[in-house]
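Single-structure report; data block below.
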Number of protein chains: 2
Amino acid sequence: MKLSTRGRYGLKAMYQLALHYGEGPIALNNIAKKQGLSENYLEQLFSVLRKEGLIISVRGAQGGYMLAKDPQHITVGHILRTLEGNMAPVDCLTDENVKCDREDECATKFVYAQMIDSLNNVIDSITLQDMIDEQKKNEMIK
Amino acid sequence: MKLSTRGRYGLKAMYQLALHYGEGPIALNNIAKKQGLSENYLEQLFSVLRKEGLIISVRGAQGGYMLAKDPQHITVGHILRTLEGNMAPVDCLTDENVKCDREDECATKFVYAQMIDSLNNVIDSITLQDMIDEQKKNEMIK
DNA sequence: GTGAATGTTGACAGAAATAGTAGGGTATAT
DNA sequence: ATATACCCTACTATTTCTGTCAACATTCAC
């Protein structure tokens, strides 16, 4: 039940963009360098996020990426599902093509359904703005 | 964020044991055959479950496995954590050896902590007995 | 006791998913 | 023009997951 690097890197990068929301585009190599990640790899993730409409790209010199909307309107859930696919612990919950041998008799499905519901509730309730606020709060304490 | 076959097979097998709780040991090949799984593979999972004290093995002819306690005292959470390891979406939540670069400044950790909490709450609140009850309820409706 | 059934263990190998690399192409600010 | 930075696709390496195999230990039925 681990998140892959796609979700982890992507969320962290989106958080970076959120921190600089409204300041114009930020170059990818900037973010990649700051987080010690491969620029090419991060590019692949950003491509997906862009197609999903979460970020906007600006080509050319001085170009880069920026959030497509306000940090308080972008949820962690949207980001993670875009990069990781649906968050279902098993495929039979979401994939029409997967049929359990005895579908309506599957006692475990009942468990998995509760897991995904709970998970989605949590990640859909947290926005990038929430992350920023939480961070600020923590720094106040120090 | 998928559950591996370890968790899925193991939970389903434990459910089988729960259905026959109090009827003496059940042979592994019985369960393996019923679910179309490799007996050897399931064996590995049962070995782990036994060491955790969730099931008891009876060796020799007419031997097999049975639950170590009443189905209502065995939670799905205990089973899944035994087979899958902790359910943390990232290692830095649980593994002392993993240090984020800027630990107390990591804004994403805040998100992951809520995910694992929510997940653990759900799976710890469901027992094998709950699964049996739910199943019965569904069969009544049909 | 003996043989058959069953559990125990660890090593190993194939398959699949994940992670990362490489490189040529395109748009744009200056 | 040219440098910068996004765009896209294919390929490779690595890791993890799944499953197999084989030798061994224990217990039961007789």
Side-chain angles (χ1 to χ4, degrees), chain A residues 1-13 16-17 20 24-68 80 83-86 88-91 95 98, chain B residues 1-13 17 24-33 35-66 68 80 83-86 88-91 95 98:
Chain A
M1 285 296 281
K2 290 276 178 286
L3 225 41
S4 74
T5 56
R6 292 174 65 88
R8 295 205 318 267
Y9 295 179
L11 180 57
K12 220 164 181 174
Q16 289 296 322
L17 291 188
H20 299 285
I26 297 182
L28 193 60
N29 68 24
N30 203 311
I31 298 179
K33 214 171 285 172
K34 192 174 291 179
Q35 300 185 4
L37 303 179
S38 147
E39 187 179 338
N40 280 319
Y41 189 47
L42 209 48
E43 216 169 61
Q44 291 176 28
L45 308 185
F46 270 42
S47 168
V48 179
L49 291 168
R50 183 178 59 80
K51 282 168 188 159
E52 178 63 19
L54 286 169
I55 57 179
I56 291 171
S57 67
V58 178
R59 303 179 73 154
Q62 315 310 318
Y65 293 95
M66 48 192 182
L67 294 188
L80 290 183
L83 294 172
E84 299 268 340
N86 70 68
V90 294
D91 285 330
D95 189 339
V98 178
Chain B
M1 285 296 280
K2 290 277 177 285
L3 224 42
S4 73
T5 57
R6 292 175 64 88
R8 296 205 316 269
Y9 294 179
L11 180 56
K12 219 163 181 175
L17 292 188
I26 297 182
L28 192 60
N29 68 23
N30 204 310
I31 297 178
K33 214 171 287 174
Q35 301 187 2
L37 304 178
S38 146
E39 186 178 340
N40 281 317
Y41 189 47
L42 208 50
E43 222 167 57
Q44 289 177 29
L45 308 185
F46 271 41
S47 169
V48 179
L49 291 167
R50 186 180 59 77
K51 281 170 189 157
E52 179 64 18
L54 286 170
I55 56 177
I56 292 171
S57 69
V58 179
R59 304 179 71 150
Q62 315 309 316
Y65 292 95
M66 49 191 180
L80 290 184
L83 293 172
E84 298 268 340
N86 70 68
V90 294
D91 285 331
D95 188 339
V98 178

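Note that this is a predicted model, so its numbers are computed, not measured. So you know, we letter chains A, B, ... as the sequences are listed, proteins then strands, and number each from 1.
Scored by the salt bridge (Lys or Arg N to Asp or Glu O under 4.0 Å) test, A/Lys2 finds B/Asp91 as partners (sequence neighbours excluded). The side chain to side chain donor-acceptor pair (under 3.5 Å) check on A/Ser57 picks up nothing, with sequence neighbours excluded. Checked against side chain to side chain donor-acceptor pair (under 3.5 Å), B/Asn86 has the following partners two or more places apart in sequence or in another chain: B/Thr94. With sequence neighbours left out, the side-chain contact (heavy atoms from CB on, under 4.5 Å) criterion links B/Leu37 to B/Tyr9, B/Gln35, B/Leu42.
When DNA chain C is scanned 5' to 3' for any atom under 4.0 Å from a heavy atom of chain B, the first and last hits are C/dT6 to C/dA11.
The residue among B/Glu39 and A/Arg8 whose nearest nucleotide of DNA chain C lies closer to the 5′ end is B/Glu39.
With A/Gln16 contributing its side chain and A/Ile31 its backbone, the two residues share no donor-acceptor pair below 3.5 Å.
Listed by first then second residue, pairs satisfying side chain to side chain donor-acceptor pair (under 3.5 Å) with a partner in residues 39-56 of chain B read B/Thr5-B/Tyr41, B/Glu52-B/His78, not counting sequence neighbours.
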For nucleotides 2-4 of chain D, which of its nitrogen or oxygen atoms have a protein nitrogen or oxygen under 3.5 Å away, and what is each distance?
residue, atom, partner, partner atom, Å
D/dT4, O2, A/Ala61, N, 3.1

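When the side-chain nitrogen and oxygen atoms of A/Ser57 are compared with OP1 and OP2 of D/dC6, none of them lie within a distance under 4.0 Å.
Bending across the helix from C/dG1-D/dC30 to C/dT30-D/dA1, expressed as the angle between its end axes from five pairs apiece, amounts to 20° (10° rounding).
Taking every heavy atom of residues 42-53 of chain B and every atom of DNA chain C, pairs under 4.0 Å involve B/Glu43, B/Gln44, B/Ser47, B/Arg50, B/Lys51, by number.
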